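Please read the structure below before turning to the comments.
Since we're looking at a predicted model, the values are computed, not measured. Whatever order the structure lists ligands and atoms in, that order sets their numbers, starting from 1.
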Amino acid sequence: MKEGGGNRSRELFARAKKVTPGGVHSPVRAFRAVGGTPIFMASAQGARIQDVDGKEYIDYVGSWGPAILGHAHPEVVDAVRCVAGKGLSFGTPHEGEVELAEMITRMVPGLEKIRFCNSGTEATMSCVRLARGCMGRTKIIKFAGCYHGHSDALLVAAGSGALTLGRPDSAGVTEGAAQDTLVLPFNDETAVEAAFAEYGKEIAAVLLEPVPANAGLILPAKGYLHFLREITRKHHALLIFDEVMTGFRLAPGGAQEIYGIRPDLSAFGKVIGGGMPVGAFGGRAEVMDFLAPDGPVYQAGTLSGNPMAMAAGLAQLKVLARGDVYKKLEKTGKALEVMLAQEIKDSGAPATWVRIGSMFCLFFCPAGLVIRNLQEARRCDTQAYSLFFHSLLDGGVYFPPSQFETCFLSAAHGDGELELTRTALRQALRHKA
Ligand code: KE4
């Protein structure tokens, strides 16, 4: 069953492996978690994506989040076309970056200033340096299962004991880089209280995905985010929300709007670039003004604020700001949820689902298990997910090639896509019953 890509994908993969590590430019694309040959895609429109062998899929990855309107949305494509002929990059300030920064700070309550960069990794890495620089403290708390990109301070795994400092989670990350990161279980207030009791005055910030989406999809327990807001305020540490996935996806103001929390700093990416490489971070002006050239915390980027990326992001956010997109995403998400529940029930497959807005995940785990953290997510049957994934592919539906990722709906997913998905889902779940 584990096929994946067709002949042309296999040919391209063989060529790619000769000139690129693992044949891919980001590890998850290599299909190592599900087996088979990675699929090389050729084009995409709306909710559908076509591979180099001409097979079409309904796409629930959406480039890992950016394609919230659907692929190749005409207003986004036209915006890029319009600026491309005027020069691709100036390395100077320009009007587009001002317009997008104004748009973003209007859409996210409490976001006073923002700085653009080129990826979510840069955005979270810069938040960490800024927090340490403005607070004059060294330690950062992060949570197991939350992924914030691949900067050294955040490629850190939990220490051996509950309160032991982090250990490198990748070769090449030094003990020195990891020693100031404390990794705690998500949704566990006691662990956070103990960390502040132990390290309180050394903790510069608490960093988290407000809705973790890199261990499958995990919802914050009721009151948990408010608890983090209060305990960071009490100990004069910053609260940093990594909204690279959730920002402008769950609501115009992201998860912080949904849960009514104002973090001190936020990291963004994906949706704000409309598919082009963009990251951003922002927050209260008194914190952001510690950044160079005004302040002592250095941060920079050759292509930061790139005109094409700004144009794509601005066009996408203008469509989102019209407001009806979020209503449509919730309507489609609800319809999908009803379908998932019915098909899982009918199939008897050992699976459950989690959804928030246009983000959802199927966990292959003991029925009824509520997954609240990474340890519980790891109880999932990844082999079952792999068989499910490939069966869906055969049925023309493209889910993330890993149990520990999250699916995304776009505004282009409609009844037709859901019906085709139901057919493929029914077949795939029968495999797992
Ligand atoms: P990038 O550096 O990949 O733009 O963003 C890193 C990042 C930061 N924060 C969160 C919450 C993220 O989800 C990500 C990246 N997300 C993954 C999907 N799980 C990108 C896919 C990939 O790594 O290829």
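- Salt bridge status for Arg284 with Glu112: absent, with no side-chain N to carboxylate O gap under 4.0 Å.
- Nearest to atom 4 (O) of ligand 1 among the protein's heavy atoms is Gly120 N, 2.9 Å.
- The protein heavy atom nearest to atom 3 (O) of ligand 1 is Thr121 OG1, 4.6 Å.
- Among protein heavy atoms, atom 9 (N) of ligand 1 sits closest to Asp242 OD2, 2.7 Å.
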Check your understanding: Would Lys327 and Glu330 count as a salt bridge (Lys or Arg N to Asp or Glu O under 4.0 Å) if you check the C-alpha gap in whole Å, the side-chain angles of each, and the deciding distance to 0.1 Å?
Key -> CA-CA 5 Å; Lys327 291 190 198 81; Glu330 179 53 32; over 6 Å; no
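- The aromatic ring centroids of Phe388 and Phe364 lie less than 6.0 Å from each other.
- Only the backbone of His148 comes within contact range of ligand 1, with a heavy atom under 4.0 Å; no side-chain atom does.
- Under 4.0 Å from ligand 1, the heavy atoms of Asn214 that appear belong solely to its side chain.
- Annotation: Tyr60 is in aromatic contact with Phe360 [ring centroid separation under 6.0 Å].
- If you number the atoms of ligand 1 from 1 as listed, the ones under 4.0 Å from a heavy atom of Glu405 come out as 18 (C), 19 (N).
- The one candidate from Gln299, Met125, Met288 that meets the side-chain contact (heavy atoms from CB on, under 4.5 Å) condition with Leu130 is Met288.
- Classification of Arg249 and Glu243 as a salt-bridged pair fails, no side-chain N sitting under 4.0 Å from a carboxylate O.
- Taking every non-hydrogen atom of Glu209 and a distance limit under 4.0 Å, the qualifying atoms of ligand 1 come out as 11 (C).
- Between Arg10 and Asp53 there is no salt bridge, since no side-chain nitrogen of the basic residue lies less than 4.0 Å from a carboxylate oxygen of the acidic one.
- Counting heavy atoms closer than 4.0 Å to ligand 1, residue Glu122 contributes nothing at all.
- Under a 4.0 Å criterion applied to the non-hydrogen atoms of Ser119, ligand 1 contributes the atoms 2 (O), 4 (O).
- The nearest protein atom to atom 10 (C) of ligand 1, hydrogens excluded, is given as Tyr147 O, 3.3 Å; this is a heavy-atom distance.
- The Trp64 neighbourhood of ligand 1 comprises atoms 18 (C), 21 (C), with distances under 4.0 Å to a heavy atom of that residue.
- Between Arg233 and Glu230, at least one side-chain N (NZ, or NE/NH1/NH2) sits under 4.0 Å from a carboxylate O, which counts as a salt bridge.
- Interface of Val28 with ligand 1, defined as ligand atoms under 4.0 Å from a residue heavy atom, comprises 22 (C), 24 (O).
- With a 4.0 Å heavy-atom cut-off, ligand 1 is reached by no atom of His150.
- When ring centroids are compared, Phe116 and Phe281 stay outside the 6.0 Å threshold.
- Annotation: atom 16 (N) of ligand 1 to nearest protein heavy atom, Lys270 NZ, 3.2 Å.
- Using a 4.5 Å heavy-atom cutoff, the side chains of Glu97 and Ser304 are not in contact.
- Given atom 7 (C) of ligand 1, the protein heavy atom at minimum distance is Gly149 N, 3.8 Å.
- With values rounded to the nearest 0.5 angstrom, His235 atom NE2 is found 8.5 Å from Glu193 atom CD.
- When only non-hydrogen protein atoms are considered, atom 22 (C) of ligand 1 lies nearest to Ser26 OG, 3.3 Å.
- Within the structure, the closest approach of Thr124 to ligand 1 does not fall below 4.0 Å when heavy atoms are considered.
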